[in-house]
Student: 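Below is the structure I would like to discuss, written out as structure tokens.
None of these values were measured; they are calculated from a predicted model. Order of the sequence lines fixes the chain letters, A, B, ..., with proteins taken first and strands second; residue numbering starts at 1 for each chain.
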Amino acid sequence: DAGVTQSPTHLIKTRGQQVTLRCSPKSGHDTVSWYQQALGQGPQFIFQYYEEEERQRGNFPDRFSGHQFPNYSSELNVNALLLGDSALYLCASSPGQGGYEQYFGPGTRLTVT
Amino acid sequence: QKEVEQNSGPLSVPEGAIASLNCTYSDRGSQSFFWYRQYSGKSPELIMSIYSNGDKEDGRFTAQLNKASQYVSLLIRDSQPSDSATYLCAVMKRGGAGSYQLTFGKGTKLSVIP
């Protein structure tokens, strides 16, 4: 049973550039949530996708956008990168929109220089 | 007041002892509670979930929930060096459009000394 997968593992970008991160949910899961984890902090909720729509959004600017595809996989896009966007980006999947357990992928480490 | 608060530690316990990790939350509307373990450089791994008041045991782990006191705890019995990690408390509450949002504490770093 494949777990949550994310790509790429690591990424280095320059300020002002744009980045796309990808996530495939665990088999049987249809809901994907994205989190940002800065060093020494807990994960911060960015947004959640269900039925190809953004259902809930955390306190992140519009530079952060996403998409969910019919196969439930998801993308996170960040435009106009800032140094402060350097973090571990985590994708979590769950079996439905309800208050179910969320399982995390390995994450993408983004470094902005 | 932060939504989810944890003592950042580090918490050091000798091998074989009981490690006690605590978490408080501010939103009384919170419905589900989770503990994740995160090794350095890795992603969080779900180890316990608890939804109602009382205790829930799974192997060496016991989660305790007291909604009146807005308090969640995790006990690790017979602690092993492999339990050394950061433990994240997460609280889920209902958001918009039927979604549910997880809010995390900063985590408590646990060190188990051989």
Student: Taking atom CD of B:Q101 and atom CZ of A:R55, what is their separation to the nearest 0.5 Å?
Tutor: 15.5 Å

Student: Check the pair B:K42, A:L88 against side-chain contact (heavy atoms from CB on, under 4.5 Å), reporting the backbone distance first and the verdict last.
Tutor: CA-CA 9 Å; B:K42 302 295 185 182; A:L88 180 65; over 6 Å; no

Student: Taking the side chain as every heavy atom from C-beta outward, state whether B:Y36 and A:F104 have any atom pair closer than 4.5 Å.
Tutor: yes

Student: How long is the span from the OG atom in B:S8 to the CD atom in A:Q41, to the nearest 0.5 Å?
Tutor: 10.0 Å

Student: Contact part of B:Q38 toward chain A, heavy-atom cut-off under 4.5 Å: side chain, backbone, both or neither?
Tutor: side chain

Student: A:Q37 versus chain B, heavy atoms under 4.5 Å apart: side chain, backbone, both or neither?
Tutor: side chain

Student: Does A:Q44, at its CD atom, have more than 12 non-hydrogen atoms belonging to other residues, nucleotides or ligands within less than 6.0 Å?
Tutor: no

Student: Mind checking the CD-CE spacing from A:E101 to B:M92? Nearest 0.5 Å is all I need.
Tutor: 9.0 Å

Student: Checking the side chain of B:S43 only, and the main-chain atoms of A:G107 only, is there a donor and an acceptor separated by less than 3.5 Å?
Tutor: no

Student: Above 12 or not: heavy atoms from other molecules or residues under 6.0 Å from CD1 of A:I12?
Tutor: no

Student: Does A:R15, at its CZ atom, have more than 12 non-hydrogen atoms belonging to other residues, nucleotides or ligands within less than 6.0 Å?
Tutor: no

Student: Counting only heavy atoms not in B:K106, do more than 12 fall under 6.0 Å of its NZ?
Tutor: no

Student: Are A:V19 and A:I46 connected into the same hydrophobic cluster when the rule is that any two of I, L, V, M, F, W, Y join if their side-chain heavy atoms are below 4.5 Å apart?
Tutor: yes

Student: Are B:V91 and B:F34 grouped together when hydrophobic residues (ILVMFWY) are joined by side-chain heavy atoms under 4.5 angstrom apart?
Tutor: no

Student: For the OH atom on A:Y50, are there more than 12 heavy atoms of other groups (residues, nucleotides or ligands in this structure) within a distance under 6.0 Å?
Tutor: yes

Student: Which region of B:L102, side chain (C-beta onward) or backbone (N, CA, C, O), has a non-hydrogen atom less than 4.5 Å from a non-hydrogen atom of chain A, or is it both or neither?
Tutor: both

Student: Looking only at the aromatic ring of each residue, does the gap between the centers of A:Y35 and B:F104 stay below 6.0 angstrom?
Tutor: yes

Student: Can you find a heavy atom in the side chain of B:L46 that is under 4.5 Å from one in the side chain of A:Y103?
Tutor: yes

Student: Is the number of heavy atoms from other residues, nucleotides or ligands within 6.0 Å of CG (A:L83) greater than 12?
Tutor: yes

Student: Heavy-atom pairs under 4.5 Å with chain A - which of B:C89, B:A90, B:P44 has more of them than the others?
Tutor: B:P44

Student: Between the side chain of A:Q48 and the main-chain N/O of B:Y100, is any donor-acceptor distance below 3.5 Å?
Tutor: yes

Student: What do you reckon, is CG of A:N71 surrounded by more than 12 foreign heavy atoms closer than 6.0 Å?
Tutor: yes

